[in-house]
Amino acid sequence: MISKELVAPKSIAIIGASNDILSPGGNLLKNLIINNYEGNIYVVSENSSSVQGISTYKKIQDIPDTDLAFMAEDNGSIFEDIQILCMKKTCKAIVVFPDKISSAKITEREALIQTRKLCSDFRVTLIGPNSAGIANKNFCGLYTKSSVKKDGNIQIISSSRTIISKITESSGVYGFNIGEVYSLGYSPLTTIEEILEWMDDNWSNNNKAHRVIAIYIERIANSQTMITKCRSLIGKGASIVGVLASPNEVVAALFSKCGIIRAYDVEEMVNIVSILSKGRPNGKNISILTQAGGPAVLLADVLRQNGVNVPTLFFEDYSFGKTSGHLSSLVDANEKNPDIDGTVVIFGEKETSNSSEVSNVIFRKIRQTKKPVYPLFVSESSYEELIKEFHHQGGISFTDEVIFGRALAKVINAPMIKEEGSLPAIDKYLIKRIIDESPNGFMPAFMVQELLDASGINRLGQHVALEEEEAINAAVSIGYPVVLKVLGPLHKTEVDGVSLNITDEHTLVSEYRRMSNIEGVTGFIVQPMIDDHVTELQVSCVREPNFPPLVSCSLGGIFADAMQDISYCLSPISAAEAEQMIQSLKAYPIIKGYREQEGVNEVMFGDIIRRLSALCLAVPEITRIELNPIFGNERDVCVVGARVKIDKN
């Protein structure tokens, strides 16, 4: 819950303010004063009667009622102070700077638990401990260096106050304007999802600048809320870039579902933020105008390696007789060229004699042209004054061609949010009956067949045989040639538990008896033999705590693991998302059809992906499903093998 008192307080109390502006309480008070906070400020200090020109209160009990309170220093009794604020001072928002909730009477752990309960009971928004503060157009309640502007279009949400410091420091290097900061720290009550929800519910974009939200997350509290609110914010015109302190696939799938462009470090994040602050290019064709050959070649290489086209690489040297007019005409030409989607202007080592003119040209073009223009200064020292002037006019700039190139490629390649649409219809009543009758653990093979049929998942006809005679009758019913597979072992081929192209009863019986001696065999599957002109595929779904079911697809066999070529998506999966999953695979040329090899029917493959997504969403008892192998060609895509794991607990 985000209270209005957190974002627009009429009064602020600081417990632990100081005349030392290097201390958290001192810097916080300074930021409130120099940023012209218009409400009442109540300063609590036991040692000073006045702090930075403001009269103080000796004890927290003495202050008037307050909307927002900052616990700036650890006085050994933060919990007791929070009790007073909640119970006696009608406080509705508390921000804790120290890295713990201390108490004079109970343990640190118990103090944290009791603080969470107390704030929840009194409907108080708790930020921290270990917060760097809050800042927006109403006030600057940060204890880090202040660089927040009322008309800033960058919003930062972070679990780490170090990340807050790094991003705010970077704003001076790149020129982007920060408008809001929410430093959550270790908050046991307030989550990043709640901040996003508040932003969505209170959306307004009165200035014309493109809104960018930068988030650093250390844990996900509610993935569904994050998906819903991020997609809503993006639909309203925002862009979101994020770093999450976790490398696993479900996180990447979550960011993709949310529409978040994922960065892997702060430097990459601030480059992406700077690019997005002026809007993203509409295509993949980027022109480079440069004074410096080396940096231009490096940038072009990085862009091309990441799937961005560099159709023109134009060299001009403004240090030797060239004027800002040349630059203006080149940018104008790119603006009119339908094959150019954006322009990078690189300035080399030597400072130009007409730096101010060049700065004015670039800034004017950034404002006038519909296509983005990105200035890159590879030597900051040579252009220090020009960069300052350029930033003062509201421009952004970049300093490293390789980091910038990777960030720009990531922005250009980021897929747009796909409409979710409706899932394929499945027989939920029959599926529930099958699940109710299934034991915990791996589902019996005959029930797996029923489950796939109830879900409308196209599968190869097969028979389960627990006796030799049943296998013989199944082969006759199907018609030779057939395939015989063991039930039980996880990797059948590794234990020699698959026999292909059996053409007669004698061979069938011989193989049945041989494989009966394999350890762990509980039965057999008899299937028709498929012709050789198919591509082997696989689709899986796993359930992670606090996330929707995670569906993956890839080539089958050893290729997915060997090539690390697997695409993921969180359920529900739309037709467009299934198509994107398939086409994002490195092996997509094989699926599409390569040389003389017949391709795979992508619509049918996508239907299996979507139906598996619908099944796992409908049945929370399913913890894992593997459809492997799946055989596909242009005429048919069908499941040949499947394993389903159930946990009813």
Side-chain angles (χ1 to χ4, degrees), residues 2 7-8 135-138 148-158 167 171 174-182 192-217 223-243 254-263 268-284 286 335 341-342 363 365-374 394-396 407-421 574 576-577 580:
I2 304 301
V7 294
N136 56 33
K137 65 181 181 180
N138 299 309
V148 176
K149 299 185 178 180
K150 290 182 181 290
D151 60 348
N153 63 319
I154 309 301
Q155 298 169 298
I156 305 170
I157 316 171
S158 176
I167 296 176
S171 66
Y174 292 89
F176 57 83
N177 294 323
I178 298 171
E180 296 181 33
V181 176
Y182 300 91
I192 284 180
E193 291 90 332
E194 288 177 305
I195 299 291
L196 290 169
E197 185 171 20
W198 183 88
M199 287 181 173
D200 184 42
D201 293 343
N202 295 273
W203 172 267
S204 67
N205 199 14
N206 296 327
N207 59 15
K208 295 182 180 180
H210 188 76
R211 183 87 67 87
V212 183
I213 302 170
I215 58 178
Y216 176 86
I217 315 172
S223 59
Q224 193 55 59
T225 297
M226 175 166 281
I227 292 169
T228 301
K229 294 306 173 182
C230 284
R231 292 172 74 95
S232 177
L233 285 163
I234 291 170
K236 292 174 180 176
S239 295
I240 307 178
V241 55
V243 175
L254 174 66
F255 272 34
S256 177
K257 194 78 169 180
C258 290
I260 298 172
I261 300 174
R262 188 176 186 182
E268 185 177 49
M269 174 186 267
V270 295
N271 271 265
I272 294 173
V273 164
S274 302
I275 293 166
L276 290 173
S277 70
K278 302 302 178 183
R280 61 197 289 177
N282 290 326
K284 292 191 171 186
I286 300 297
E335 177 72 8
D341 300 302
F363 186 63
K365 293 305 175 184
I366 286 176
R367 288 184 296 180
Q368 291 176 348
T369 60
K370 294 181 179 179
K371 299 174 184 178
V373 178
Y374 306 108
I396 58 165
L408 180 59
K410 190 164 281 191
V411 169
I412 290 172
N413 291 324
M416 304 302 288
I417 287 180
K418 306 295 184 182
E419 293 295 328
E420 292 195 341
S574 66
E577 286 173 323
Q580 183 177 305

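Predicted model only: the values in this text are computed from it and were never measured.
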Item to complete: Start with the C-alpha gap between Ile217 and Val243, add the side-chain angles, then the distance that decides, and say whether side-chain contact (heavy atoms from CB on, under 4.5 Å) holds.
Response: CA-CA 6 Å; Ile217 315 172; Val243 175; over 6 Å; no
Discussion item. Could you walk me through whether Tyr216 and Ile192 satisfy the side-chain contact (heavy atoms from CB on, under 4.5 Å) test, starting with their C-alpha distance in whole Å, then the side-chain angles of each, then the deciding distance to 0.1 Å, before giving a yes or no?
Written reply: CA-CA 9 Å; Tyr216 176 86; Ile192 284 180; over 6 Å; no
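Side-chain N or O atoms of Asn138 include one that pairs as donor or acceptor with a backbone N or O of Val7 at under 3.5 Å.
For the pair Leu408 and Pro281, the minimum side-chain heavy-atom distance is below 4.5 Å. Using a 4.5 Å cut-off on side-chain heavy atoms (C-beta onward), Phe176 and Ile167 make contact. Side-chain contact check for Glu577 versus Lys257: some heavy-atom pair is nearer than 4.5 Å. Ile240 places none of its side-chain heavy atoms less than 4.5 Å from the side chain of Phe255. Counting heavy atoms from C-beta outward, Tyr182 and Trp198 have side chains that approach closer than 4.5 Å. Within the 4.5 Å cutoff, the side chain of Leu196 has heavy atoms near those of the Cys230 side chain. Side-chain contact between Ile275 and Tyr374 is present, with at least one heavy-atom pair separated by less than 4.5 Å. Contact of the Met199 side chain with the Leu233 side chain is registered, since non-hydrogen atoms from C-beta on lie closer than 4.5 Å.
Across Ile227 and Cys258, no two heavy atoms sit closer than the pair CA-SG, 3.6 Å. When all heavy atoms are compared, the tightest approach of Ile412 to Lys284 is CG2-CG, 3.4 Å. For the residue pair Ile272 and Ala263, the shortest heavy atom distance occurs at CD1-CB, 4.1 Å.
Judged as a salt bridge (Lys or Arg N to Asp or Glu O under 4.0 Å), the pairs with a partner in residues 268-280 (not counting sequence neighbours) are, in order, Glu268-Lys410.
Salt-bridge formation is not detected for the pair Lys137/Asp151: no Lys NZ or Arg NE/NH1/NH2 atom is positioned less than 4.0 Å from an Asp or Glu carboxylate oxygen.
When the shell of 6.0 Å around CG of Asn413 is examined, it contains more than 12 heavy atoms from other residues, nucleotides or ligands.
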